[in-house]
Amino acid sequence: MKVSSSHNGSNMMWFFKDRGFDDNSIQGMFRKCKRLENMHQERASENWEYFKGIGIQERKLPSIVSKCPKILVLGLNEKIVPMVECLKTLGTKPHEVTSAITKFPHILSHSVEEKLCPLLAFFQALDIPEKQLGKIILLNPRLISYSIETKLAEIVDFLASLGLNKDGMIGKVIVKDPYIVGYSVDKRLRPTTQFLKSIGLSEPDLQAVTLNFPEILSRDVNKVLQPNYAYLRKCGFQDQQIVSLVIGFPPILIKSIKNSLEPRIKFLVEVMGRQVEEVVEYPCFFRHGLKRRLVSRHKLLKQRNLNCSLSEMLDCNQKKFLIKFSLL
């Protein structure tokens, strides 16, 4: 496929070649951004050097530009610098802005006045503290591409329908999981809430789980939640016990069965000699590292022939654990 017969197009071909792009990548970028054909190499070089100057590693630039070749044709002082400077005011660490650009370079193609400022105002209206606004946008820079009137407002309305419309609850959910706003209400969020209700969670339970661990709403019911629920049933947990586990430790429905749940339950029953029902009283059992916490502490207690509940064994740091059981 011929890229361009124009002089500028030919110049840009060499610009990309000099920076290690292969032919397929170059063709793809010209298809994505027609303006490259009439682009002066000097502007592209100026933008490229600017990105290096703000701390983006040169080895990452080909990947970033391939995702969004438009950033080479944007006016540096008119478009790119104002956005970068504004993003810097939102960050607290030097690498946060460059990390956001690396994840979603399209953020540079949006307007500060038309997109970023209204987005900040929208989140402020949800009682999100100012110091958290930057964290949300820099962690999930794709937010700037969403429509406030349709996409974001729909998510807020859905969360409000769950009863999370008091004391800045919706803002707290978004701060905990900025990625939640990227999911479809009808295809993902509503089906997960319906599933959670179907296994026995009441409305207050669902609100508590969402506030505590909003990521659970964005997981696929058929691929993740249902298999984990079926596994817990297979282990002998009754419906209400599973509800208690989910309320106490919501990630239990999204943790890997093979790599997380199964090894811990096997250790609990076969090595520790305990009943699975014990974790209902202490669901955070599944949060602790198997080798670092469970195996090592069980071994110390067994050597001294000491017995205790799971919470007494695990719900403290190492120093307090050693002092509690006179193991120092």
Side-chain angles (χ1 to χ4, degrees), residues 93 135 139 172-173 175-177 179 192 195-196 199-202 205-328:
K93 299 175 183 175
K135 175 187 171 185
L139 189 61
K172 290 173 183 176
V173 168
V175 167
K176 278 198 170 184
D177 182 22
Y179 296 101
T192 57
F195 171 78
L196 292 171
I199 66 172
L201 269 73
S202 65
D205 293 337
L206 185 57
Q207 292 168 7
V209 167
T210 303
L211 278 170
N212 185 24
F213 191 71
E215 291 92 336
I216 197 170
L217 297 188
S218 59
R219 295 304 190 271
D220 188 281
V221 170
N222 296 321
K223 292 180 180 177
V224 182
L225 305 187
Q226 180 64 51
N228 279 36
Y229 175 74
Y231 173 74
L232 294 172
R233 289 288 302 273
K234 180 183 172 185
C235 289
F237 294 107
Q238 302 300 310
D239 291 347
Q240 193 53 49
Q241 290 177 324
I242 295 176
V243 169
S244 297
L245 289 173
V246 173
I247 295 170
F249 186 66
I252 198 168
L253 282 183
I254 70 169
K255 288 280 188 181
S256 166
I257 294 173
K258 182 180 178 182
N259 299 322
S260 183
L261 303 186
E262 190 173 26
R264 283 165 175 76
I265 289 180
K266 190 175 181 181
F267 181 77
L268 176 81
V269 176
E270 297 181 8
V271 179
M272 298 180 77
R274 295 174 182 258
Q275 302 295 315
V276 291
E277 288 78 7
E278 288 192 55
V279 298
V280 177
E281 298 298 321
Y282 186 67
C284 284
F285 167 82
F286 294 98
R287 173 172 62 86
H288 298 288
L290 182 58
K291 291 182 180 179
R292 259 188 193 178
R293 184 68 63 97
L294 301 180
V295 174
S296 63
R297 292 195 178 182
H298 171 70
K299 186 177 179 181
L300 287 171
L301 292 173
K302 190 175 181 182
Q303 287 172 349
R304 299 289 185 90
N305 199 29
L306 297 170
N307 295 312
C308 65
S309 68
L310 290 176
S311 61
E312 290 172 329
M313 171 185 171
L314 299 168
D315 204 15
C316 58
N317 62 34
Q318 186 67 6
K319 184 177 180 181
K320 288 182 179 178
F321 168 77
L322 295 173
I323 292 172
K324 182 189 294 186
F325 294 101
S326 304
L327 297 170
L328 282 174

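Note that the numbering runs from 1 along the sequence shown for the chain.
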Handout entry: Candidate pair Met272 and Leu310, rule side chain to side chain contact (heavy atoms under 4.5 Å, CB included), full reasoning
Key = CA-CA 10 Å; Met272 298 180 77; Leu310 290 176; 4.0 Å; yes
Exercise for the section: For Lys176 and Leu211, run side chain to side chain contact (heavy atoms under 4.5 Å, CB included): C-alpha distance rounded to whole Å, both residues' side-chain angles, the deciding distance at 0.1 Å, then the answer. Expected result: CA-CA 8 Å; Lys176 278 198 170 184; Leu211 278 170; 5.9 Å; no
Problem - side chain to side chain contact (heavy atoms under 4.5 Å, CB included) evaluation trace for Leu225 with Ile216 - result: CA-CA 8 Å; Leu225 305 187; Ile216 197 170; 4.2 Å; yes
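The line from CE of Met313 to CZ of Phe285 is 7.5 Å long, rounded to the nearest 0.5 Å. Thr192 OG1 to Ile254 CD1: the interatomic distance, rounded to the nearest 0.5 Å, is 11.5 Å. The CD atom of Gln240 sits 10.5 Å away from the CG atom of Leu245 when rounded to the nearest 0.5 Å. Summarising the geometry, atom CG belonging to Asn307 is positioned 6.5 Å from atom CG belonging to Asn305; distances are rounded to the nearest 0.5 Å.
In this structure, the side chains of Leu196 and Thr210 stay at 4.5 Å or more apart for every pair of heavy atoms. Inter-residue side-chain proximity for Val271 and Leu294 is flagged as unmet; no heavy-atom pair is nearer than 4.5 Å. You'll find the side chain of Val224 stays beyond 4.5 Å of the side chain of Leu253, heavy atoms only. Looking at Phe286 and Pro251, their side chains never come closer than 4.5 Å, going by heavy atoms from C-beta outward. Side-chain contact between Leu301 and Cys308 is present, with at least one heavy-atom pair separated by less than 4.5 Å.
Heavy atoms of other residues, nucleotides or ligands lying less than 6.0 angstrom from CD of Glu277 number more than 12. Within a 6.0 Å radius of CD in Gln226, other residues, nucleotides and ligands contribute more than 12 heavy atoms.
Sorted by first and then second residue, the pairs that involve residues 226-241 and meet salt bridge (Lys or Arg N to Asp or Glu O under 4.0 Å), not counting sequence neighbours, are Arg233-Asp239. For residues 295-317, the ring-ring contact (aromatic ring centres under 6.0 Å, His included) pairs, not counting sequence neighbours, are Phe267-His298. Here salt bridge (Lys or Arg N to Asp or Glu O under 4.0 Å) pairs that include residues 211-231, with residues two or more places apart or in two chains, are Arg188-Asp220. The side chain to side chain donor-acceptor pair (under 3.5 Å) pairs that include a residue from residues 315-327 are Arg297-Gln318, where partners are two or more places apart or lie in different chains. Pairs passing the ring-ring contact (aromatic ring centres under 6.0 Å, His included) check and including a residue from residues 307-328, sequence neighbours excluded, read Phe321-Phe325.
Every residue two or more places apart in sequence or in another chain was checked for a side-chain hydrogen bond (donor to acceptor under 3.5 Å, both in side chains) with Glu262, and none qualifies. With sequence neighbours excluded, the residues satisfying salt bridge (charged side-chain N to carboxylate O under 4.0 Å, His left out) with Arg274 are Glu278. With sequence neighbours left out, the salt bridge (charged side-chain N to carboxylate O under 4.0 Å, His left out) criterion links Arg293 to no other residue. Residues passing the side-chain hydrogen bond (donor to acceptor under 3.5 Å, both in side chains) test with Asp205, sequence neighbours excluded: Ser202. Glu270 meets the side-chain contact (heavy atoms from CB on, under 4.5 Å) test with Lys266; sequence neighbours excluded. Annotation: side-chain hydrogen bond (donor to acceptor under 3.5 Å, both in side chains) contacts of Ser311 (sequence neighbours excluded): Ser309. When the side-chain hydrogen bond (donor to acceptor under 3.5 Å, both in side chains) test is applied to Tyr282, the partners found at least two apart in sequence or on another chain are His288.
Closest of all the heavy-atom pairs between Cys284 and Gly248 is SG-O, 4.0 Å. The shortest non-hydrogen separation linking Val276 to Cys235 is CG2-O, 3.9 Å.
Phe195 and Tyr229 have perpendicular rings, their planes meeting at more than 60° on a 0 to 90° scale where under 30° would count as parallel.
Each of Ile265, Asn228, Leu232 was compared with Ile257 under the side-chain contact (heavy atoms from CB on, under 4.5 Å) criterion, and only Asn228 meets it.
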